[in-house]
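Scroll down for the structure; my scribbles are underneath it.
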Amino acid sequence: MRYLKLAQAYDEIESTSGTLDKIQIYSDMLKEAQSKDVDKIVALTMGKLHPDWKNEPEIGLAEKMAVQVIAAAASVPENTVLDILRETGDIGSTGESLLREGAQATLFAEELTVSKVFSTLDEIAQISGSGSNKTKISKLAGLLTDADPIEARYILRTVTGSLRLGLGDMGIIDGLSTAFTGNRDVRSDIEAAFNVCSDLGRVACVLAENGIDAVRAIHTEVGIPIRMMAAKKLSDAEEIMEKIGKKAFVEFKYDGERVQAHKNGADVTLYSRRQEVITHQYPDVVQLILKNVKAATCVLEGECVAIDPETGKMKPFQELMRRRRKTDIKSMQEEVPVALFVFDILYLNGEDVTSRPMLERRKLMEDTIEVNDRVSLTIGELTEAPERLYEIFEDAINTGYEGVIAKAIHE
DNA sequence: TGTGTCTGCCCC
DNA sequence: ATTCTGC
DNA sequence: GCAGAATGGGCAGACACA
């Protein structure tokens, strides 16, 4: 498919306010695409080339460098670009208008395809080392030279991560459902597949090539991160109990980094909330899981917290941030010791256990994890009284926790 | 080699 | 992460 | 009420340049 088709769909979506209308436009565009392009289209619309957990390099080119790209592609001084950027506040429109003025550049332009745009951006992401910024800039400038102004607008927004279509993950999912089944009825099936494989491009590809039943067959695998559930912030104890139902399991909220740990025999992989691989940052946590998690295959969720090993007291998040590095891991491991507080189990010995009731999962964790001073379950308590919930909250705050998380138990 | 700038779907 | 907006 | 977009603080990596 021509990239122009995608760019025109983006343009329509952007200028349409209704969510359903946006979805319809996106769906109509998807229907015209060859199935080999569908995963790339979805990836680009999500603003990334690859899922984070695949550990691919970032494009590594943001607004400052994009200014140089536009200057090169439109043959204008950087200050001209900066002036228009200040007016419009948008790097995409800035590139679009400057390229429109210098239209001679597009006279003998190659027609851009989705595939070409995707692969060029991927090549740019791979470039590193001395002189790489210049190479990245000239490569992207080359792409813009072949681009229609409207294409340039969205290529620039894609690389800088500011597509702002008003179409998020759920909109894309609805668009996929509509395009390949005619209505939005299977959106939850698509979402469920996305939740367990964390790759909507792959789901889209499966849907386009093999249909919805193949999407329904996508299931959890150890080593592929599961999308984490987001908590909602509430401020009133009664409101919480009402929302959650009769009984709630109330846990302390730890001030650390959320970690999803996958154990597959002797292999352990750790993922961040955004599903980046963070295994190398926490070799101590990897060892903990190898030694203290008594399961062949297992997926756990927990909070990694910096601690004072003498007192066992938790340290603030900023301390933990110093562990986010690629070098001197060994010395940092000693300087910033951590503990893991596990609060959920998603997979155990080949079985997806996410549909088990909360307290049963808690029992599975207790049976699977050999607790010590560096790895333990989160502190929590079952209650149905708002007054008790409030007491636990006060207790949490007074003891240095961030607050509490309340979960429905679904007994 | 040291310093400054930019980048990170960064983490919270 | 929080906060705001438009639907 | 929700999804999406816009925003902040702080830290380390990567590169440019002198």
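These numbers come from a predicted model, not from an experiment. Heavy atoms only: backbone and side chains are in, while hydrogens, waters and symmetry mates are out. Letters go in sequence order (proteins before strands), and every chain restarts at 1.
Residue Thr327(A) places none of its side-chain N or O atoms closer than 4.0 Å to OP1 or OP2 of dA12(D). Under 4.0 angstrom from either OP1 or OP2 of dG1(D) there lies no side-chain N or O belonging to Lys232(A). Regarding contacts with the backbone of dC7(C), every side-chain N or O of Thr19(A) stays at 4.0 angstrom or more from both OP1 and OP2. For dA6(D), the OP1/OP2 oxygens have a side-chain nitrogen or oxygen of Arg164(A) closer than 4.0 Å.
A heavy atom lying under 4.0 Å from DNA chain B marks none of the residues of residues 175-194 of chain A. Listed in residue order, the members of residues 121-136 of chain A having a heavy atom less than 4.0 Å from DNA chain B come to none.
Ion pair Glu239(A)/Lys243(A) not flagged as a salt bridge, since none of the NZ, NE, NH1 or NH2 atoms sits closer than 4.0 Å to an Asp/Glu carboxylate oxygen. With respect to the salt-bridge test (charged N to carboxylate O, under 4.0 angstrom), the residues Asp11(A) and Arg153(A) qualify. A salt bridge does not link Lys136(A) with Glu123(A): every distance from a Lys NZ or Arg NE/NH1/NH2 to an Asp or Glu carboxylate oxygen is 4.0 Å or more. In this structure, Asp308(A) does not pair ionically with Lys313(A), as no charged nitrogen and carboxylate oxygen lie closer than 4.0 Å.
Here dC2(D) presents its P atom at 14 Å from CE of Met229(A), a figure rounded to the nearest Å. Protein atom NZ of Lys22(A) is 11 Å distant from nucleotide atom C1' of dA3(D), rounded to whole Å. Here dG6(C) presents its C1' atom at 15 Å from CD of Glu14(A), a figure rounded to the nearest Å. Atom CE of Met228(A) and atom P of dA1(C) are 11 Å apart (whole Å). Rounded to an integer number of Å, the gap from CD of Glu402(A) to P of dA1(C) is 9 Å. What separates CG of Leu61(A) from P of dA14(D) is a distance of 17 Å, to the nearest Å. Look at NZ on Lys233(A): it is 18 Å from C1' on dC2(D), rounded to the nearest Å. Remark: C1' of dG1(D) and CE of Met170(A) are 15 Å apart, rounded to the nearest angstrom.
Taking the O4'-C1'-N9-C4 or O4'-C1'-N1-C2 dihedral as appropriate, dC11(D) has a value more than 90° from 0 and is therefore anti.
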- Query: Reading DNA chain D 5' to 3', how would its secondary structure be written in dot-bracket notation, given Watson-Crick and G-U pairs with both distances under 3.5 Å, brackets [ ] for crossing pairs and | for partners on other strands?
  - Reply: ||||||||||||||||||

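Residue-to-nucleotide proximity on DNA chain D shows that, of Phe317(A) and Gly166(A), the 5′-proximal contact is made by Gly166(A). The 5' end of DNA chain D is approached more closely, in terms of each residue's nearest nucleotide, by Ile172(A) than by the other of Ile172(A) and Gln318(A).
Judged by distance alone, the side chains of Asp90(A) and Thr88(A) never bring a donor and an acceptor atom under 3.5 Å apart. A donor atom on one side chain and an acceptor atom on the other are found under 3.5 Å apart for Thr45(A) and Tyr10(A). Side chains of His50(A) and Asp122(A): a donor on one and an acceptor on the other come within 3.5 Å. With 3.5 Å as the limit, one finds a donor-acceptor pair spanning the side chains of Glu14(A) and Tyr154(A).
Among the protein residues, Met321(A) comes within range of the nucleic acid bases, having at least one heavy atom under 4.0 Å from a base atom. Lys64(A) comes within 4.0 angstrom of the backbone, heavy atoms only, and of no base. Looking at heavy-atom distances under 4.0 Å, Arg324(A) makes contact with a base. Among the heavy atoms of the strands, none lies under 4.0 Å from Gly47(A). Among the atoms of the strands shown, only primed sugar atoms or phosphate atoms (P, OP1, OP2) are found under 4.0 Å from some heavy atom of Leu167(A).
In this structure, the salt bridge (Lys or Arg N to Asp or Glu O under 4.0 Å) partners of Glu301(A), at least two apart in sequence or on a different chain, are Arg258(A).
Atom CD1 of Ile218(A) sits about 9.0 Å away from atom CG of Leu207(A), to the nearest 0.5 Å.
For Lys22(A) (side chain) and Ser15(A) (main-chain N/O), no donor-acceptor pair under 3.5 Å exists by modelled atom type. Within the 3.5 Å criterion, the main-chain N or O of Ile91(A) finds no donor-acceptor partner in the side chain of Glu63(A). The main-chain N or O of Ala248(A) is never found under 3.5 Å from a side-chain atom of Lys407(A) such that the two would form a donor-acceptor pair. Of the possible polar contacts, none joining the Asp148(A) side chain to the Ile150(A) backbone as a donor-acceptor pair under 3.5 Å is found. In this structure, Ser177(A) contributes its side chain and Asn183(A) its backbone to a donor-acceptor pair below 3.5 Å.
A gap of 23 Å separates the P atoms of dC9(B) and dT5(B), to the nearest Å. Atom name C1', nucleotides dC2(D) and dC11(B): the rounded distance is 25 Å, in whole Å. dC10(B) and dT2(C) have their P atoms separated by 16 Å, with the value rounded to a whole Å.
Chain A approaches DNA chain B over the interval dC6(B) to dC12(B), counting the first and last nucleotide 5' to 3' with an atom under 4.0 Å from its heavy atoms.
The stretch residues 271-286 of chain A participates, sequence neighbours left out, in these side-chain hydrogen bond (donor to acceptor under 3.5 Å, both in side chains) pairs: Ser198(A)-Gln275(A), Glu257(A)-Tyr282(A), Asp284(A)-Arg323(A).
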